[in-house]
Amino acid sequence: MKLTLSDPKLLTDSISIISELVNEGVFKVDKEKIELIAMDPANVAMVFFKLLSSAFEEYSVDKEVELAVSLESLKQVLRRAKATDVLTLELDNEKNKLKITLKGETKRSFSISLIDLRENKQRVPNLEFPLKIKTASSVFDEAIEDMSVVAESLVLAATKDLFTIEAESSLNHAKVEIPNEKETSIETQTKDPIKSKYSIEYLRKIIKGSKLSPNVVIEFSKDYPLKIQYDVKDKLQLGFVLAPRVSTED
């Protein structure tokens, strides 16, 4: 296995974001992609990540392999990558390590031990949503940060004309209204408003995906998981599924 990226940001930023939610995980590497599906320790959020072979300068995989690693260790190494570096991943079977090489003005090599991670195979749930919202990542980011000033949870609501993000505590209230125009499109299968509550703490970690893509796709339903996805065409997919907060308390 030898995988070479001339744009290390695709991997470095992705791992930085994922490690906010997940401590360790298993990367499945096949001839088409690197893939990770993992749950956070509290089983509140799932992350799914694909880095396609077309994103790489060199992508050589003889057979499918699984690499279980500490995401914190991987993040610390990847943070050393410069934007102009060429990043190469290789598997050292003899030492059971993942070798990471950063080549720029100098050539730097790191090895990370693979871990024995015995966990249930994760699959992205087959969720069906009556609603899909596409908007600018920056718009959604700002709305979540606005809500964080007021409360610990927020309510997402949508009609065919308007996407609303609202938070309320015993003393304070905040609301952002995003119309179905310009950078935002709302597709809904129902005439009724759709509304559900989610954790702001988790959302603040998830929206860091905006580092990767200027656009975000948001799907939800009443008292139903929220799906948020960032795509880089022909290169990368980073998505999250977040459980709803059904409690009436913030």
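In this text, all values refer to a predicted model and were calculated from it rather than measured experimentally.
- The CZ atom of Phe27 sits 11.0 Å away from atom CD of Glu35, with the distance rounded to the nearest 0.5 Å.
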Yes or no on side-chain contact (heavy atoms from CB on, under 4.5 Å) for Thr88 and Leu3, after CA distance, side-chain angles and deciding distance?
CA-CA 5 Å; Thr88 300; Leu3 316 176; over 6 Å; no
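- Phe110 and Leu98 fall within the same hydrophobic cluster, where Ile, Leu, Val, Met, Phe, Trp and Tyr residues are linked whenever their side-chain heavy atoms come under 4.5 Å apart, directly or through other members.
- When atom types are taken as modelled, the side chain of Asp40 and the backbone of Val22 share no donor-acceptor pair closer than 3.5 angstrom.
- The shortest heavy-atom contact between Tyr198 and Leu203 is CB-CD1, 4.1 Å.
- By the neighbour-count criterion of 12 heavy atoms within 6.0 Å, atom NZ of Lys97 is densely surrounded, having more than that number from other residues, nucleotides or ligands.
- With contacts defined as side-chain heavy-atom distances shorter than 4.5 Å, the pair Leu51/Lys33 does not qualify.
- When all heavy atoms of Val176 and Asp146 are compared, the pair lying nearest together is CG2-OD2, 3.7 Å.
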Decide side-chain hydrogen bond (donor to acceptor under 3.5 Å, both in side chains) for Ser185 and Lys134; before the verdict, give the C-alpha distance in whole Å, the side-chain angles of both, and the deciding distance to 0.1 Å.
CA-CA 5 Å; Ser185 70; Lys134 297 179 182 178; 5.7 Å; no
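- Lys160 places no side-chain N or O within donor-acceptor distance of the main-chain N or O of Ile186, the cut-off being under 3.5 Å.
- One hydrophobic cluster holds both Leu91 and Leu102 under the rule that ILVMFWY side chains link at heavy-atom gaps under 4.5 Å.
- For Asp234 and Ser54, the side-chain atoms include no donor-acceptor pair closer than 3.5 Å.
- Across all non-hydrogen atoms, the minimal contact from Pro8 to Asp85 is CD-O, 3.3 Å.
- One finds the CG atom of Asn96 at 8.0 Å from the CG atom of Asn93 (value rounded to the nearest 0.5 Å).
- Proximity of Val86 to Thr4: side-chain heavy atoms (C-beta onward) are separated by under 4.5 Å at one or more points.
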For Ile206 and Lys208: C-alpha separation, side-chain torsions, deciding distance, then whether side-chain contact (heavy atoms from CB on, under 4.5 Å) applies.
CA-CA 5 Å; Ile206 288 169; Lys208 292 180 181 180; over 6 Å; no
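- No single ILVMFWY cluster, assembled from side-chain heavy atoms under 4.5 Å apart, contains both Val155 and Ile194.
- A 4.5 Å side-chain heavy-atom check between Leu131 and Phe163 finds every atom pair outside the cut-off.
- The two residues Asn215 and Ala136 have their closest heavy-atom pair at OD1-CA, 4.1 Å.
- Hydrophobic clustering (ILVMFWY, side-chain heavy atoms < 4.5 Å, transitive): Phe240 and Val44 are in one cluster.
- Without hydrogens or angle criteria, Arg108 side chain to Arg80 main chain gives a donor-acceptor distance under 3.5 Å.
- A pairwise comparison of heavy atoms in Asp223 and Ser196 identifies N-OG, 3.1 Å as the closest pair.
- Here CG of Leu5 is found 11.0 Å from CD of Glu58. Values are rounded to the nearest 0.5 Å.
- Distance check: Lys197 NZ to Lys222 NZ gives 11.0 Å after rounding to the nearest 0.5 Å.
- In this structure, Leu238 and Leu236 approach most closely via the heavy-atom pair N-CD2, 3.9 Å.
- Annotation: the span from Leu89 atom CG to Met1 atom CE amounts to 5.5 Å, rounded to 0.5 Å.
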Evaluate Val26 against Glu66 for side-chain contact (heavy atoms from CB on, under 4.5 Å), listing each step before the verdict.
CA-CA 6 Å; Val26 179; Glu66 292 188 349; 3.8 Å; yes
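- In this structure the side chain of Phe220 reaches within 4.5 angstrom of the side chain of Ile133, judged on heavy atoms.
- In this structure, Val77 and Lys75 have side chains that are not in contact, with every pair of non-hydrogen atoms separated by 4.5 Å or more.
- Between Thr12 and the choices Leu78, Leu74, Ile17, the side chain to side chain contact (heavy atoms under 4.5 Å, CB included) rule is met once, by Leu78.
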Would you please test Glu128 and Asn126 for side-chain hydrogen bond (donor to acceptor under 3.5 Å, both in side chains) and show each step?
CA-CA 7 Å; Glu128 295 186 4; Asn126 184 21; 5.0 Å; no
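- Formation of a donor-acceptor pair under 3.5 Å by the Ser137 side chain with backbone atoms of Ser213 is found in this model.
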What's the verdict on side-chain contact (heavy atoms from CB on, under 4.5 Å) for Ile115 and Glu24, showing C-alpha distance, side-chain angles and the deciding distance?
CA-CA 9 Å; Ile115 59 178; Glu24 51 193 21; 3.6 Å; yes
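- Not a single salt bridge (charged side-chain N to carboxylate O under 4.0 Å, His left out) links Lys50 to another residue, sequence neighbours left out.
- Ile112 and Leu36 fall within a single hydrophobic cluster, where Ile, Leu, Val, Met, Phe, Trp and Tyr are joined by side-chain heavy atoms under 4.5 Å apart, directly or via other members.
- Under the 3.5 Å distance criterion, the side-chain polar atoms of Lys9 are matched with a main-chain donor or acceptor of Lys211.
- The shortest distance between side-chain heavy atoms of Leu52 and Lys235 does not fall below 4.5 Å.
- Within the model, atoms CD of Glu181 and CG of Leu162 stand 9.5 Å from one another, a figure rounded to the nearest 0.5 Å.
- At least one side-chain heavy atom of Thr135 sits less than 4.5 Å from a side-chain heavy atom of Val216.
- Under a 3.5 Å cut-off, the side chain of Ser16 and the backbone N or O of Asp13 do not form any donor-acceptor pair.
- Not a single donor-acceptor pair under 3.5 Å links the side chain of Ser221 to the backbone N or O of Tyr224.
- Using a 4.5 Å heavy-atom threshold, the side chains of Tyr230 and Ile207 count as touching.
- Sorted by first and then second residue, the pairs that involve residues 44-98 and meet ring pair (Phe, Tyr, Trp, His ring centres under 6.0 Å), not counting sequence neighbours, are Phe56-Tyr59.
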